[in-house]
Participant: 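Mind having a look at this structure? Questions to follow.
Chain identifiers are assigned alphabetically (A, B, ...) following the order of the sequence lines, protein sequences preceding nucleic acid strands; residue numbering begins at 1 within each chain.
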Amino acid sequence: MTTVRVGELHKRFGATVALDGLDLEIGVGVTGLLGPNGAGKTTLLRCLATALAPDHGRIEAYGLDPADSRQRTALRRRLGYLPQSPGLYPNFSAAALLGYVAVLKEIVDPRMRRAEVHRALEEVGLSDRANVKVRKLSGGMRQRLGVAQALLGHPDLIILDEPTVGLDPEQRMFFRTLISRLGETRTVLLSTHQTEDAGALCERVVVLREGRAVFDGAPRALAQLAEGQVWRSAGPPEGRTMYWRTAEGDYRTLGPQPPDGVAVPPSIEDGYLKLLGPAPAAGTIR
Amino acid sequence: MTEQSSDAQLLRAVAAEDMGALRLLYLRHAPWMRLRLARRCADPDAVDAAVQDTFVAVWRDAHRYREGGGEAAAWLWTIAFRRLVSTLRRPGQRWVGDATGGDDETVPSAEDLVLLRIEHGDLGAALDRLSPELRAIIQATALDGLTVREAALLLGVAEGTAKTRLMRARARLRELLA
Amino acid sequence: MTWHVDAELLQEYERGSLTPSRVMAVDAHVQACAACRAAVPADTARLDRTWLAVADTIVTGRPGRAEWLLRRAGLPEHRVRLLAATPALRWSYLAATAAVLALAVAAAYTGQSAARTTLVLFLVFAPVLPVLAVATAYGPPADSMHEITSATPMAGPSLVLWRATAVVGPAMGMEMIAAVASPGPGWWAVAWLLPAFLLCVGTLALATVLPLARAAGLLGGTWLLVALAAGSSAPLVQGVLFGPAAQAGYLVAVIAAIVVLTLRRRHLNPGENR
């Protein structure tokens with residue numbers, strides 16, 4: 001079921017084009033945004049979170065248009081948002097911070113608010129840190145607190161800008177469980193730099209480049225873009241730019257078959273690299 | 001901190017922001033606190049509110065507890081009773097009977113000892129024969145540890161009246177015990 | 001101890017069927033005897049509920065001093081929470097403002113020749129301080145959480161106005177004290193009030209078009225330029241900038257700014273880049 005529609009979205013900051021006529025439809029479940037820095041991920045998320053107005057184009061989320069101030073407020077009632085830099089007040093305790101955001105989310109009754117703060121802390125596993133000041137929390141815990149504030153008030157649309165950044169593997173695991181559970185009933189849109197996160201978490205992946213969607217589909221389909229183009233060989237392949245030495249000591253090549261190459265199944269990262277080409281510094285493949 | 005830790009140890013831990021220690025204190029002291037408060041107030045919700053306020057106050061003020069200053073239970077009761085009184089100051093609350101309590105900032109241990117012997121001595125009979133308002137002032141000051149001023153507030157009389165009643169109560173007890 | 005409270009006595013105590021003296025005896029004994037205290041049966045469900053309330057209250061924290069003051073002023077609790085999170089209401093900011101003003105007052109007393117200049121400077125700078133406070137009341141860059149704030153339903157005009165009011169109050173209050181404490185003619189103490197108020201309301205009105213910080217910078221800067229240009233001569237400052245004619249003009253401008261602000265309040269979203 002489609003819950004969020006974006007059409008012809010444009011946004012520029014001075015001379016920089018962040019979104020260049022983006023079209024996108026997403027629904028209930030977890031959708032991941034991938035793309036290099038500056039591809040427009042954060043700009044798109046900020047527009048959807050009503051923190052930024054697009055220059056032109058349409059946004060409709062749960063039937064609400066954020067360009068209209070009344071509907072924008074209505075949409076905000078159904079929204080949970082973790083920005084890239086949440087800027088959580090360092091001198092607030094975890095619980096006080098959530099209490100503050102809960103008030104911003106119109107949970108005015110103190111009793112209900114306490115219960116809601118309690119629930120959100122529990123959901124991200126921070127119950128025992130409730131009265132620890134934000135500045136004394138580790139990076140991963142702060143990130144969890146950021147997610148907790150997004151979950152206050154049971155939002156239908158959850159927007160998370162790089163929620164897994166700075167997490168250790170154990171916390172990552174915890175997050176994956178949490179986010180996939182959220183995705184059962186709500187629309188979750190998250191951006192990430194980690195292709196393995198996208199593969200593990202998202203039923204759908206959208207790859208952005210230069211403000212446009214260049215891929216939209218299942219993670220498996222993203223991997224399949226590199227089907228028949230991933231090879232393993234004993235030595236470094238000649239004259240190629242997209243290869244690297246693996247942990248097993250052999251070489252993995254993306255592109256045409258090297259002389260001693262054996263075909264291996266592609267990963268999401270392979271598909272992603274195939275789609276976008278190597279980073280500019282590493283030369284070009286096209 | 002374990003269930004075997006002393007009250008003083010637990011209070012020290014609470015002063016160091018140990019929630020587990022507060023929980024142990026709560027489990028140990030809340031039941032009797034409820035019972036005694038319930039004797040003084042007919043509204044169970046007000047009693048619960050007082051218990052809640054008490055432990056929140058303990059969390060905040062645990063560092064003020066001095067081990068030499070008397071038993072922890074007495075200290076806790078002082079807080080609990082004060083909290084009940086302030087809960088009941090709000091409108092729409094009722095005391096049980098005429099006997100109102102006070103709290104024990106200044107629990108006079110000598111008088112406690114006397115009270116412990118109430119059961120067997122003449123003092124019990126004497127107390128029963130006191131008029132209700134004189135008994136109330138004795139209870140508020142001697143047993144619940146209020147200052148005369150606080151007792152006056154609690155009983156809704158002027159401070160001077162409370163002082164007079166206390167003097168009369170003492171005189172009457174002496175008379176009855178003579 | 002010669003006796004203990006047995007179950008039967010406890011039940012009678014609970015039922016209220018004991019004579020007053022025996023109630024007092026049980027009270028006194030329970031107070032002194034740990035074993036009897038431990039023997040009091042617990043209503044687990046009730047105790048658990050109360051415990052949760054205790055834990056919640058502790059965890060949610062006690063109000064700070066600023067919050068307490070606002071509560072005493074009769075504001076509802078949730079509103080106080082919003083205001084107390086205002087960056088410019090932090091004690092560090094208030095302390096800095098107070099220190100600046102204290103220095104100004106101290107400087108005014110140091111020498112007679114310097115005093116006059118200091119006072120003129122005070123008059124010139126006084127209207128700008130509240131504007132600075134307004135600029136830091138909401139949105140970037142003062143509020144590190146503005147991105148989260150701006151995506152919540154409470155974001156918008158009313159939050160901006162509440163916070164602006166909340167920060168202008170203390171700023172004006174402190175200045176008032178400083179003005180009264182300074183040597184000089186009595187009217188100096190209030191001469192800056194109207195311009196200060198105008199700059200604040202004007203900033204908010206301008207913020208329906210520009211980001212709040214920029215609006216504050218623009219108006220505050222303009223005031224400083226004009227005032228300092230005139231500031232080279234004290235009579236000019238006293239007679240013109242703060243004279244009766246100018247004050248009347250400020251009043252008219254304040255009313256105009258309030259009208260603009262009322263009409264355009266929907267556009268007062270200075271935290272958002274729209």
Participant: In the structure I gave you, are the side-chain heavy atoms of Arg79(C) and Val108(A) within less than 4.5 Å of one another anywhere?
Facilitator: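 Not touching, per the 4.5 Å side-chain cut-off.
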Participant: For Gln149(A), is it the side chain, the backbone, both or neither that has a heavy atom under 4.5 Å from a heavy atom of chain C?
Facilitator: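 Only the side chain of Gln149(A) comes within 4.5 Å of chain C.
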Participant: Please say which of Pro86(A), Pro83(A), Ser85(A) ends up in a side chain to side chain contact (heavy atoms under 4.5 Å, CB included) with Glu147(C).
Facilitator: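 The side chain to side chain contact (heavy atoms under 4.5 Å, CB included) with Glu147(C) is passed solely by Pro83(A) among Pro86(A), Pro83(A), Ser85(A).
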Participant: Quick one: of Val103(A), Thr73(A), Leu98(A), Leu104(A), who has the most non-hydrogen atom pairs under 4.5 Å with chain C?
Facilitator: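 The residue among Val103(A), Thr73(A), Leu98(A), Leu104(A) with the greatest pair count is Leu104(A).
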Participant: Which value, rounded to the nearest 0.5 Å, describes the distance between Thr152(C) atom OG1 and Leu152(A) atom CG?
Facilitator: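 It comes to 11.0 Å.
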Participant: Checking Leu75(A) against chain C: side chain, backbone, both or neither under 4.5 Å from a heavy atom?
Facilitator: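 No part of it gets close to chain C.
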Participant: Is any side-chain heavy atom of Asp109(A) closer than 4.5 Å to a side-chain heavy atom of His78(C)?
Facilitator: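 They are not in contact (no side-chain heavy atoms under 4.5 Å apart), so the answer is no.
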Participant: How far does OG of Ser150(C) sit from CZ of Arg72(A), to the nearest 0.5 angstrom?
Facilitator: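 Going from the OG atom of Ser150(C) to the CZ atom of Arg72(A) covers 10.0 Å.
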Participant: Nearest 0.5 angstrom please: Tyr89(A) OH to Asp143(C) CG, how far?
Facilitator: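 Tyr89(A) OH to Asp143(C) CG: 3.0 Å, rounded to 0.5 Å.
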Participant: Checking heavy atoms, do the side chain of Arg78(A), its backbone, both or neither come under 4.5 Å from chain C?
Facilitator: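 For Arg78(A), there is no contact with chain C at all, as no heavy atom is under 4.5 Å.
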Participant: Flag the pair Thr149(C) / Tyr100(A) as yes when at least one side-chain heavy-atom distance between them is below 4.5 Å, and no otherwise.
Facilitator: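 A side-chain contact exists here, since the closest heavy-atom pair is under 4.5 Å.
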Participant: Side chain, backbone, both or neither: which part of Arg129(A) has an atom under 4.5 Å from a heavy atom of chain C?
Facilitator: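 No part of Arg129(A) comes within 4.5 Å of chain C.
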Participant: To the nearest 0.5 Å, what is the distance between CE (Met154(C)) and CD (Glu106(A))?
Facilitator: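 Rounded to the nearest 0.5 Å, the CE-CD separation comes out at 5.0 Å.
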